[in-house]
Structures are given as structure tokens and as C-alpha cells.
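Atoms within each ligand, like the ligands themselves, are counted from 1 in listed order. In this text the structure is predicted, and so the values were computed from the model without any measurement. Counting begins at 1 with the first residue of the sequence.
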Amino acid sequence: MSTGSFTVSQALNYRGGKRVQPADGSGTEEAYEPATGRVIATFQCSGEKEVDLAVQSAKAAFKIWRKKSGMERSRILLEAARIIRERRDEIATVETINNGKSIFEAQLDIDISWQCLEYYAGLAGSMAGEHVQLPGGSFGYTIREPLGVCVGIGAWNYPFQIASWKSAPALACGNAMIFKPSPFTPVSVLLLAEIYTEAGAPPGLFNVVQGGAATGQFLCQHRDVAKVSFTGSVPTGKKIMELSSQGIKPVTLELGGKSPLIIFSDCDMENAVKGAMMANFLTQGEVCCNGTRVFVQREILDKFTEEVVKQTQKIKIGDPLLEDTRMGPLINRPHLQRVLGFIEQAKKQGAKVLCGGDLYVPGDPKLKDGYYMKPCVLGNCKDDMTCVKEEIFGPVMSVLPFDTEAEVLERANDTTFGLAAGVFTRDIQRAHRVVAELQAGVCYVNNYNVSPVELPFGGYKMSGFGRENGRVTIEYYSQLKTVCVEMGDVESVF
Ligand SMILES: NC(=O)c1ccc[n+]([C@@H]2O[C@H](COP(=O)([O-])OP(=O)(O)OC[C@H]3O[C@@H](n4cnc5c(N)ncnc54)[C@H](O)[C@@H]3O)[C@@H](O)[C@H]2O)c1
Ligand SMILES: O=CCc1c[nH]cn1
């Protein structure tokens, strides 16, 4: 498959184990190929009736699935992981076409996705409660039970991976799931739905409904939905929490960030520069946990900045399906304009563009209507500038000098967000001292933006709550039943 040739004509909802057109809907949406600006799919946003049908389908599957042992669920997840691994390049190609990220990165995203399914397959068979001995031979025990029908709502930056991060632990715990992807990236999650069915999941266990805010609201408000796991922006996260509170539904919120990356003068410079690139330019900078506030100790500011600019200018931008491309187009034109607007504002506020920050027009004529820009490094930044305070969600790194550890910690934590943070230093005591003070859910020492599925991922403060990945996520997709057993006679107080 090559850029400029892919279109989708099949239905993009998935219910009862097959693709379906929605039973009702309000308005149509178009999905694009960001590399060329072409429409690749047109679909209807699901209405209340379609959402209800998806919930009923998931409820029916849940009745079967919850009765299966952990080992039986594990086998199906392992088979799904195997199929994803086998079809990795095809899935990554679809992801690249609809999202714009380079094929090199999309392949890594798909690897992390099947690893996530494998990881939770491993945990499914080991879910257990505890036995507690009580006086007189009485005892109690706890059982970890599924919640029921869970809803996953995703952002557009990691469409397949977000669906995998939500569905793998949900299904491992015995739940069913309905997933609503972003209307910008509706395509790849259908492959996941088909793979679950092929792997042996009962029809309805994993359903897909398409649409935007209205469809999402129907899902959150449905009385038979037991939990909502959301990945997206803070303003939408607030709405989801509000809607879910009406039904006392637990929510997981994976929201935005403006994370600090602290580079001390005793760092390994080459690794620190690589870390800053990883922290800012994956997926065109459209990554929630990016370390976009790069604090550099003054002694090494010039050397570090010079090297980071040199590396940024070398990034190969262009057709995301080419193996050597490292940066593709942004998700759509309004978002591209928004990112460029942040750079204009930064200049007005006194920041200096050290490289990039303007449109990029690839030489290949078929890419002329794509949404490309040159990755940008901003110098002369101050903490109160908009580019330093707000999430840009594009390839824009702000470099900020600092002098002391105490000062940088204060400045790093001076944000309403708290998703991630990073520190580069050769001083192991300092690394742990700094990490202990950072107000962030995910902290990296001498690396950035690696995602082992064994480690929990999630934010502090307005970056959300609840976690994805890691053993702990089992707790977010299950509930604990306590059983108290009397071995003697009832001692009534009456
Ligand atoms: N913390 C994380 O793991 C993580 C991961 C990826 C992206 N993000 C964040 O996501 C944001 C970018 O993604 P986005 O632009 O798709 O976010 P968004 O909040 O605009 O949309 C996210 C999803 O919510 C749906 N939605 C919108 N309004 C809704 C409503 N009222 N009720 C229910 N659903 C609704 C959208 O259709 C979409 O599927 C950034 O802020 C980024 O940091 C966070
Ligand atoms: O965008 C934030 C990080 C991430 C990657 N996959 C899911 N979330």
C-alpha cells in the first residue's frame, strides 16, 4: 500500500462480532489521510439507538465471558496478540495512513499493543482474592470480579494502542468493552475488533461505535455502562467525569500534560540530547507525556542547545510510509494552524526560534496538500510564556536555563499538569532525590518516552487519575467482593 491510494468503503461500527452500519445517527464525519489531505472514509456518527444496541450486544457477551476462567480468557488474549504480531505491518500501515505518524513509529506502537495483550493474558490466570481467618474458625475471603460493560473513549494520537491499552486489561478481568475512537482516526480499531473475534472472543465482547462528543455522551450516560476509561484533553475529561458521576460510574482519566525534562550539567550529553528528542518529536510531538519544558543547567546550555538544534534539523520529514521518514504530517489542518499559532505567539512574547517552526512542503507533488511542519526548538523561553505553560501537542520544544536543583524543582512543579517528568544526571543520589520531589505520575531517569507495558502509566493533578498498563490496572477494571463465612452459631444482640 502506498500513500495516496487507500480508502475505506466497509462499515466502521462493530457489533455482535461483525462490521455494521449504525442503526441511527446524527451527521456524517470524514476521516483524512494527513499525508495528502485526502478523505479516506466517510461515516455516520452513532446515535442513541446504536449506542444502546452496542451496549446490549456487550451485555450478552459479558454473560458468557465472565463465567470463563482466567486461563480461558488468557488463551483468547494470547491468540489475539499472536494475530496482531503476525499482521503488524498491515496494521501499522493503516495507522500511518490515518494518523500521519511514520511507519517506523507505527510499527513500534503495534508491538507495544500486542505486548499489552500478552501481559494481561499472563495476569488473567493469576487474578485471585485473599483468605482471612476469623475467630472461632470463621473466615472470610475476597473475590475480584469484573465490572460489566466498560466504555473506552480514545484520542487520535495512538488509535490502535489506546484501544489495546484499554481493552486488554478490561477483557482480562472478564469485562466486555465498547470503544469509541476519535472521529479523526476511526479506522485501525476495526482491525482490533476483527482480531478479537478471530481469536475466539464471543460476539459482542468488543464493539466499536463511531462518532464525536454526542456519541461519547450517550455512552457515558447509558445506565448499563459500568465504567468509562477516557484518553483525551482536560476539558473533555471534566465533562466525562461529570457525566459519569450521574451514574456513580468509576472513571479512568488519561489527560494532557506539559511535562518537565531536567538536564543537569553532569549528564551524559549525548544521551541527554537523544532523550530530549525522544521527549519532544515522536508522533510529530502529538504525545501526551512529552517533556516539552526542557530545563538545562546553565553551564551546558549553549552546548546542549547547539546539539539539540543540529539533531532536530536532521529529522527526515515527508511521506510517512517511507522507511527512512522520521516525522510525518500533523493530524489535520486546523491542528497544524493551531501549533503554528503557538509559535507565532511565542515569538511575540520574546522566545527565539532556533530552528523550524514553519510549514514544510515535501517535494513529492502528491504530498502538497498534507499537514507538514518543521520541528521547532525555541530558545530564550521564560516560565510565564504561553508556549511554556500550555500543551501545544505539536513538535515544539521550549528550552529554559536553570541554576540550582531547588530552583528547577520549584519551576518544574509549577504547573496544573502532572503527567510525566524526566531527569538526566550521572549522580544517582540526585536522580532519586529529584524524582521524589517531582509531581508527576511517570518519571524517567536518563531516558524519556519509553513505554514498557509492565509499568503503570498515568497522571497526577489535572493530568488525570487511574492508571493504564502494569499490574495495578487490574484494580481499575474489577471490583472486590468480600464473603464473610460464619462457622458457629449466630450471636444475636437482640
Ligand atoms: N494521558 C494520556 O494517556 C493521553 C494519551 C493520548 C492523548 N492524550 C491527550 O489527548 C488530547 C488530544 O486528544 P483529542 O484532541 O482527541 O482529545 P479530545 O478531548 O478532544 O477527544 C478525545 C475523545 O473524546 C471524545 N469526546 C469529545 N467530547 C466528548 C464528550 N463531551 N463526551 C464524551 N466524549 C467526548 C472525542 O470524540 C474523542 O474520542 C491531548 O490533550 C493529549 O494530551 C492523553
Ligand atoms: O500520548 C500519550 C501516551 C500514550 C501512548 N499510547 C497511549 N498513550
Side-chain angles (χ1 to χ4, degrees), residues 29 31 45-46 51 95 99 101 105-106 108-113 115-116 151-166 168 178-186 189 208-222 225 228-244 251-259 279 282-292 330-332 334-335 338-339 390-394 417-420 440-442 448-453 455-469 473:
E29 286 274 352
C45 298
S46 299
V51 164
E95 195 78 326
N99 168 274
K101 66 175 73 195
E105 264 193 62
L108 298 178
D109 289 2
I110 307 310
D111 288 341
I112 293 171
S113 302
Q115 286 161 17
C116 181
V151 158
I153 297 180
W156 44 262
N157 59 341
Y158 285 85
F160 192 89
Q161 197 178 93
I162 290 174
S164 303
W165 283 15
K166 294 189 189 306
I178 303 168
F179 190 82
K180 192 200 80 59
S182 162
F184 301 150
T185 49
V189 68
V208 178
V209 295
Q210 301 285 354
T215 309
Q217 285 175 20
F218 290 135
L219 284 165
C220 296
Q221 285 170 322
H222 197 291
V225 164
V228 180
S229 175
F230 171 74
T231 297
S233 63
V234 171
T236 311
K238 285 184 193 172
K239 289 183 196 154
I240 302 261
M241 199 171 158
E242 226 174 283
L243 288 171
S244 305
V251 289
T252 293
L253 297 179
E254 297 287 356
L255 309 178
K258 190 74 197 178
S259 301
L282 289 174
T283 306
Q284 298 77 243
E286 299 158 328
V287 182
C288 55
C289 41
N290 270 0
T292 47
L330 273 66
I331 188 71
N332 54 36
H335 187 59
R338 187 172 174 272
V339 172
E390 287 186 24
E391 184 183 47
I392 298 177
F393 222 53
F417 294 112
L419 187 50
V442 182
Y448 207 96
N449 268 348
V450 284
S451 308
V453 296
L455 294 182
F457 181 91
Y460 281 11
K461 302 199 283 193
M462 285 182 84
S463 292
F465 52 78
R467 291 292 177 268
E468 295 196 305
N469 292 337
T473 297

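- At least one donor-acceptor pair closer than 3.5 Å links the side chain of Ser46 to the backbone N or O of Gln210.
- Neither the backbone nor the side chain of Glu286 comes within 4.0 Å of ligand 1, counting heavy atoms alone.
- Lys101 forms a cation-pi arrangement with Tyr158, by the criterion of a distance under 6.0 Å to the ring centre and an angle within 45° of the ring axis.
- Every atom of ligand 1 is numbered from 1 in the order shown, and the set under 4.0 Å from a heavy atom of Gly212 is 37 (O).
- For atom 8 (N) of ligand 1, the nearest non-hydrogen atom of the protein is Cys288 CB, 3.5 Å.
- Screening Leu419, Val442, Leu282 for a side chain to side chain contact (heavy atoms under 4.5 Å, CB included) involving Cys289 leaves a single residue, Leu419.
- If you check which protein heavy atom lies closest to atom 29 (C) of ligand 1, you get Thr236 CG2, 3.3 Å.
- Taking a cut-off of under 4.0 Å to the non-hydrogen atoms of Ile162, the atoms of ligand 2 that pass are 7 (C).
- Remark: minimum distance from atom 37 (O) of ligand 1 to any protein heavy atom is reached at Lys180 NZ, 2.9 Å.
- Panel note: side chain Ser463, backbone Leu255; no donor-acceptor pair is recorded below 3.5 Å.
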Given Glu391 and Val234, is the side chain to side chain contact (heavy atoms under 4.5 Å, CB included) satisfied, shown in steps?
CA-CA 10 Å; Glu391 184 183 47; Val234 171; over 6 Å; no
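- Residue contact check: Ile240 has heavy atoms under 4.0 Å from atoms 32 (N), 33 (C), 34 (N) of ligand 1.
- Remark: minimum distance from atom 2 (C) of ligand 2 to any protein heavy atom is reached at Cys288 SG, 2.1 Å.
- Where the criterion is an N or O separation shorter than 3.5 Å, residue side chain and backbone included, Glu468 fails it with respect to ligand 1.
- There is no side-chain donor-acceptor pair under 3.5 Å between Lys180 and Thr215.
- Every atom of ligand 1 with a heavy atom of Phe230 under 4.0 Å away is listed here by number and element: 19 (O), 22 (C), 23 (C), 24 (O).
- The nearest heavy-atom contact from the protein to atom 17 (O) of ligand 1 is Ser233 N, 3.4 Å.
- Under a 4.0 Å criterion applied to the non-hydrogen atoms of Leu419, ligand 1 contributes the atoms 1 (N).
- The protein heavy-atom contact nearest to atom 5 (C) of ligand 1 is Thr231 CG2, 3.0 Å.
- At under 3.5 Å, not a single nitrogen or oxygen of Ile153, backbone or side chain, sits near a nitrogen or oxygen of ligand 1.
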Could you walk me through whether Asn157 and Ile162 pass side chain to side chain contact (heavy atoms under 4.5 Å, CB included), step by step?
CA-CA 9 Å; Asn157 59 341; Ile162 290 174; 3.7 Å; yes
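- The atoms of ligand 1 that sit less than 4.0 Å from any heavy atom of Phe457 are 3 (O).
- Using a 4.0 Å cutoff on heavy atoms, Gly154 counts as a contact of ligand 1.
- Here the closest heavy-atom approach between residue Glu468 and residue Trp165 is recorded as OE1-CE3, 3.7 Å.
- Of the possible donor and acceptor atoms, none in the side chain of Asp109 sits under 3.5 Å from a partner among the backbone N and O of Gln161.
- At least one heavy atom of Pro181 sits under 4.0 Å from some atom of ligand 1.
- Shortest contact from atom 6 (N) of ligand 2 to any protein heavy atom: Gln161 OE1, 2.6 Å.
- Atoms of ligand 1 lying under 4.0 Å from at least one heavy atom of Gly256, given by number and element, are 41 (O), 43 (O).
- For the pair Ser164 and Cys116, the tightest heavy-atom approach, listed with the atom from each and the gap, is O-SG, 3.8 Å.
- Between Asn157 and ligand 1, a contact under 3.5 Å exists for no N or O pair.
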Test side chain to side chain contact (heavy atoms under 4.5 Å, CB included) on Leu219 and Val228; report intermediate values, then the result.
CA-CA 9 Å; Leu219 284 165; Val228 180; over 6 Å; no
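- For ligand 1, the atoms lying closer than 4.0 Å to a non-hydrogen atom of Pro183 are 37 (O).
- When each atom of ligand 2 is checked for a heavy atom of Asn157 under 4.0 Å away, the hits are 1 (O).
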Applying side chain to side chain contact (heavy atoms under 4.5 Å, CB included), run through Phe393 and Leu330 and close with a yes or a no.
CA-CA 10 Å; Phe393 222 53; Leu330 273 66; over 6 Å; no
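- Every atom of ligand 1 with a heavy atom of Gln217 under 4.0 Å away is listed here by number and element: 31 (N), 32 (N), 33 (C).
- Below 3.5 Å of separation, one finds an N or O of Gly232 facing an N or O of ligand 1.
- Closest approach of Pro183 and Gly212 over heavy atoms only: CG-CA, 4.0 Å.
- Using modelled atom types, no side-chain atom of Gln115 and backbone atom of Val453 make a donor-acceptor pair closer than 3.5 Å.
- Among all non-hydrogen protein atoms, the one lying nearest atom 16 (O) of ligand 1 is Trp156 CD1, 3.0 Å.
- Proximity of a side-chain donor or acceptor of Asn290 to a complementary backbone N or O of Ser259 within less than 3.5 Å is not detected.
- Scanning all heavy atoms of the two residues, the minimum distance from Ala279 to Tyr448 falls at CB-CD2, 3.3 Å.
- With respect to atom 40 (C) of ligand 1, the closest heavy atom belonging to the protein is Glu391 OE1, 3.4 Å.
- Looking at Lys239 against ligand 1, only its side chain comes within 4.0 Å, counting heavy atoms.
- For atom 7 (C) of ligand 2, the closest non-hydrogen atom of the protein is Trp165 CZ3, 3.3 Å.
- The shell of residues lying under 4.0 angstrom from ligand 1, judged by heavy atoms, excludes Tyr158.
- The closest protein non-hydrogen atom to atom 12 (C) of ligand 1 is Phe393 CE2, 3.6 Å.
- Judged by distance alone, with hydrogens and angles left aside, the side-chain atoms of Glu95 form a donor-acceptor pair with the main-chain N or O of Phe160 at under 3.5 Å.
- Heavy atoms of Val287 found under 4.0 angstrom from ligand 1: none, in either backbone or side chain.
- Judged by distance alone, with hydrogens and angles left aside, the side-chain atoms of Thr473 form a donor-acceptor pair with the main-chain N or O of Arg467 at under 3.5 Å.
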